[in-house]
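Here the structure is laid out as structure tokens; the discussion comes afterwards.
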Amino acid sequence: MNYQYWDPQIEKMPRAELEALQLQKLKTEIRWALRAPFYKERLSKAGISCHDDIKSLDDLKRFPFTTKNDLRDGFPYGFLSIPKEDVVRLHASSGTTGIPTTIYFSRDDIKRWAGYMARCIYGTGCDKNDVFQNMITYGLFTGGLGLHQGGEEVGMLVIPAGAGNTARQFKMMQDYGTTVLHATPSFLLHLETKMKEAGVQRESLSLKRAFAGAEPYSEDTRRRIESLLKIDVYNSYGLSEMNGPGVAFECQCKEGLHIWEDGYIAEIVNPDTLEPVKEGETGELILTILCREATPILRYRTRDLTSFYNEPCKCGRTHRRMRRITGRSDDMLIINGVNVFPSQIEEVIMSMKEVGNNYLIVVEKDGALDRLTVKTEVSTEIFMDDSRPLNALKEKIKETLQASISINPKVELHESGSLPISEGKAVRVKDTRPKDV
Ligand code: ADP
Ligand code: ZN
């Protein structure tokens, strides 16, 4: 394969050099962090009052973790480390408590972020000849502007399409000859469902690649999108606390996501003990940003669960790869005492070709017990008025799920395109059980 690199010197930098670069950048980041009220206090308590206190990358382990709650407590300006007049943009993600976590960017921060995004996009084989339809939410959410800037940096023609409205999306694809898409994986599947309804022929489109991210999805879901839309799908990972997308991305080998280690230091810890996991084991990803002066964030607990690959990648990049995120540590459902991750359910159902493109997991109280219902759409090849294949499919899903998650679920089958779809991240779980307070 002919791999293309946006910044070959950095992307293929020998590990020892890369680590030396990380240390140098970490010191700079800490110098910035010490200007933010939150870290000035937090770090002085940990005995760090000057960036020169850091002698090696290992010293990072002396730092306390930063959590989403810390960011909320620091709202609005506790994490700001440059004068307000030098800030050119903010992004925010609104949590369930209503207090947003807000990230500020200087002009240089925006440039650096666009550079990482360009590296991701170019590494999938795109270039200035591509027409890029960015079908994700713009606004405070980082997914829209993040990929948008990266696309422009590469020189692609970027269409700021935004999320939703499949008919309009198809029209733009046809009018402008779109070759690259960006969307959530659930929206890409939805698009495929709607394509048939809208009578759009795949051959009338020029699509080649898609970037899919912002929510977890399984390898089977990726394959499904690739084969249904006849398109090459690349996994895109990021979070607003670390700028947004552009933290880690798949290369053309599609075996894990390269974390740009000159921009981010990644650790994986056991979420209970917070100790590092053994090489290759799954745990919570901890990230330290090395490329943002306006809002430094050190050792951020992402809650995202993943593991590192040990071996170097065939593409020649030296930056470490992580496996696709299987879920968040706070996603775990406890159903009648059994621990289940929604991703385990997705893995089972999306591997069946009779199952359609959308599903919903419902957990309810049924007397004293919890009841799990898995609602899935069926593929358009199955007719809803023929009960024999439907019953057989129901049984098959039930049995396979029971074998995989040790819970006997209720299975409901729905017509293709009939389950709710959200414009932003897919809502896969509806848990109506009363919360313990
Ligand atoms: P919020 O924190 O409000 O959800 P973000 O857009 O910052 O807003 O969301 C980041 C989170 O989205 C990540 O921490 C992760 O849980 C999820 N995420 C993003 N990209 C992926 C991906 N490719 N695979 C799995 N999960 C992802
Ligand atoms: Zn690679």
Side-chain angles (χ1 to χ4, degrees), residues 1 3-6 8 11-12 67-69 71-72 91-103 119-120 122-125 136-147 163 182-186 188 210-219 221-222 225 233-261 264 266 284-287 289 297 300-306 309 311-331 341-343 346 422 424-428:
M1 175 136 8
Y3 301 111
Q4 60 182 30
Y5 312 94
W6 183 249
E11 290 173 52
K12 296 195 276 182
T67 62
K68 192 137 197 149
N69 274 340
L71 292 174
R72 293 202 170 115
H91 278 283
S93 75
S94 58
T96 36
T97 65
I99 303 174
T101 56
T102 308
I103 306 297
R119 203 190 277 183
C120 299
Y122 195 71
T124 65
I136 211 144
T137 315
Y138 276 68
L140 288 176
F141 175 65
T142 53
L145 281 171
L147 270 287
H182 171 220
T184 57
S186 48
L188 289 171
F211 312 135
E215 63 190 25
Y217 59 114
S218 64
E219 189 58 38
T221 299
R222 182 235 293 274
I225 302 169
V233 175
Y234 292 89
N235 196 348
S236 155
Y237 170 80
L239 57 162
S240 51
E241 293 80 359
M242 296 288 129
N243 285 347
V247 175
F249 221 85
E250 281 179 331
C251 67
Q252 285 171 295
C253 300
K254 294 192 197 167
E255 270 185 68
L257 299 86
H258 287 283
I259 304 168
W260 302 124
E261 292 182 273
Y264 305 89
E284 178 179 338
L285 181 67
I286 307 292
L287 291 170
I289 196 157
I297 297 185
Y300 184 65
R301 289 195 60 182
T302 65
R303 304 275 170 188
D304 293 329
L305 299 174
T306 184
Y309 281 84
E311 324 74 49
C313 186
K314 290 197 268 308
C315 73
R317 290 180 179 84
T318 50
H319 298 239
R320 257 193 305 188
R321 289 169 298 156
M322 64 174 202
R323 293 191 170 77
R324 62 172 62 246
I325 305 283
T326 48
R328 296 166 61 95
S329 55
D330 41 9
D331 261 2
F341 280 100
S343 61
E346 167 164 336
S422 76
K425 294 170 192 259
V427 182
R428 294 301 195 192

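Counting convention: from 1, in listed order, for ligands and their atoms alike.
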Within reach of ligand 1, part of [X] (heavy-atom separation under 4.0 Å):
| X | answer |
| --- | --- |
| Glu215 | backbone |
| Pro245 | neither |
| Ala214 | backbone |
| Lys68 | side chain |
| Lys425 | side chain |

- Under the side chain to side chain contact (heavy atoms under 4.5 Å, CB included) rule, collect the residues that match up with Arg320, sequence neighbours excluded. Arg15, Glu261, Phe308

- Message: With ring-ring contact (aromatic ring centres under 6.0 Å, His included) as the test, pick out the partner of Tyr122 among Trp6, Tyr3, Phe249.
- Response: Trp6

- Please determine which of Trp260, Tyr264, Tyr5 meets the ring-ring contact (aromatic ring centres under 6.0 Å, His included) test together with His319. Trp260

- Message: As an exercise, identify every atom of ligand 1 less than 4.0 angstrom from a heavy atom of Leu239.
- Response: 7 (O), 10 (C), 14 (O)

- 2.8 Å cut-off (strict), protein N, O or S atoms about the Zn ion (ligand 2): 4

- Query: Looking only at N/O atoms, are Tyr217 and ligand 1 under 3.5 Å apart anywhere?
  - Reply: no

- So, Glu215 side chain and Lys425 main chain: donor-acceptor pair closer than 3.5 Å or not? no

